[in-house]
Amino acid sequence: MKQTAKAPANIAFIKYWGKSDAALRLPLNDSLSMNMSGAYTVTTVEFSVDFHKDEVALLGGEFSDHEVFRVIEGLNRIRGRAGVKHYARVVTKNTFPKGAGSAASASGFAALTLAGFASLGSRIPEKELTIFARLGSGSACRSIPDGFVVWEKGNDNETSYARSLFPSTYWDIRDVLVIVDKRMKKVSTTEGMETVTTSPHLSSRLAAVPPRMAAIQQAMNEKNFVRFGEITEEDCLDMHRVMQTQNPPLFYWNEATERIMSAVKSWRNASLPVYFTIDAGPNVHLLCEGKDEARLLEMIKTLRGVEEVILNKPAEGAKIISEHLF
Ligand code: DP6
């Protein structure tokens, strides 16, 4: 049976950077994110006795050999759990540039996991789906549940999973993703995390995350946007400090990134409540409340070096949809 899933990318306010177990993709710390309405992956999966090998295609682009390998490993895990041996056809499509620090692997593995199990007719509880998605790419577990999501780091395969903290309708936060470079990042997240323990700042970040997780959840309970934004920015800068002090150091920002970061500060001084967060790439996520989005978009027009802007509201998690890609 053919099944298609649509899964959102997610933006982390408290970030995942570093693993305690690379094979299981167990993270060193808890993280917290929001699903993005404007950046998602659609994937159709079909398993059949008539297929003689796995076939994996990306519409409008090309997967590297390594990416195909990761998808096939994901299919193997799904086959193992469902107790079948058939090969599969996988066709996938992203609405946003792959590898540019906007988490295509997160939406990709979330969509693959949901569509894969559904196409085999397996009913898997949400918690277990998040565990299977995590094994493909850590942050993918956060693209399965609804809205605002916590990934509990856990201490083994069964206890490291994601759950919804608030539904997508809870708070009208906007994430305006400002793309300043669409190319693939030079060092993948998986590779970048391998040397995380070489940073002298890792231990202080890991100590800071638990109180930060508590503080941001409190700010979200109170819908205190300023506090929420301050904590988000603090954790972003903390993660990048770890990255930049690893050996070899990882610098994901470019000139346009830094220009936007300083513009955000001046916009705040001009009473526009906006905060930034940045993943493993140069593109900047600008966070504001719905009431301030129009003003923020006017400000973004004054920036140099912007290639594209993607508007996001909080989105639901991964869903089965009825239109197939083949
Ligand atoms: C910087 O989930 O892409 O975006 O588990 O190795 O596939 P792997 O890493 P991935 O890492 C995402 C890192 C980040 C921060 C975050 O999204 O929490």
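Counting starts at 1 for both ligands and their atoms, in listed order. Remember, predicted model here, so these are calculated numbers, not experimental data. Positions are given from 1 along the sequence. No hydrogens, no waters, no symmetry mates; every other heavy atom, side chains included, goes into these values.
In summary, the atoms of ligand 1 found under 4.0 Å from a heavy atom of K19, numbered by their order in the structure, are 5 (O), 6 (O), 8 (P). Residue-ligand proximity, K15 to ligand 1, at heavy-atom distances under 4.0 Å covers atoms 18 (O). With ligand atoms numbered from 1 in the order given, ligand 1 contributes 16 (C), 17 (O), 18 (O) to contacts under 4.0 Å with heavy atoms of A12. For ligand 1, the atoms lying closer than 4.0 Å to a non-hydrogen atom of R25 are 5 (O), 6 (O), 7 (O), 8 (P). Listed by number with element, the atoms of ligand 1 under 4.0 angstrom from any heavy atom of G138 are 2 (O), 5 (O), 7 (O), 8 (P). Using a 4.0 Å cut-off to heavy atoms of M193, the atoms of ligand 1 that qualify are 9 (O), 11 (O), 13 (C). Listed by atom number, the atoms of ligand 1 under 4.0 Å from R142 heavy atoms are 16 (C), 17 (O), 18 (O). The atoms of ligand 1 that sit less than 4.0 Å from any heavy atom of S105 are 3 (O).
Under 4.0 Å from ligand 1, heavy atoms of S139 appear from its side chain as well as its backbone. Residue contacts with ligand 1 for R70 involve side-chain atoms from C-beta outward but no N, CA, C or O (heavy atoms, distance under 4.0 Å). Residue S31 does not touch ligand 1, judged by heavy-atom distances below 4.0 Å.
Within the structure, salt bridge (charged side-chain N to carboxylate O under 4.0 Å, His left out) pairs that include any residue of residues 17-44 do not occur (at least two apart or interchain).
T43 and K6 share no donor-acceptor pair across their side chains, judged by distance under 3.5 Å alone.
For P8 against M36, the heavy-atom pair with the smallest separation is CB-O, 3.5 Å.
The salt bridge (charged side-chain N to carboxylate O under 4.0 Å, His left out) search around E128 returns R81, not counting sequence neighbours.
Side-chain contact check for V150 versus M213: some heavy-atom pair is nearer than 4.5 Å.
Between the side chain of R174 and the main chain of L286, no donor-acceptor pair closer than 3.5 Å is present.
Distance check, rounded to the nearest 0.5 Å: CD1 of I231 to CG of L32 gives 10.0 Å.
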ring-ring contact (aromatic ring centres under 6.0 Å, His included), that's the test. Do F132 and F117 meet it? Break it down for me. CA-CA 10 Å; F132 274 90; F117 280 115; 5.1 Å; yes
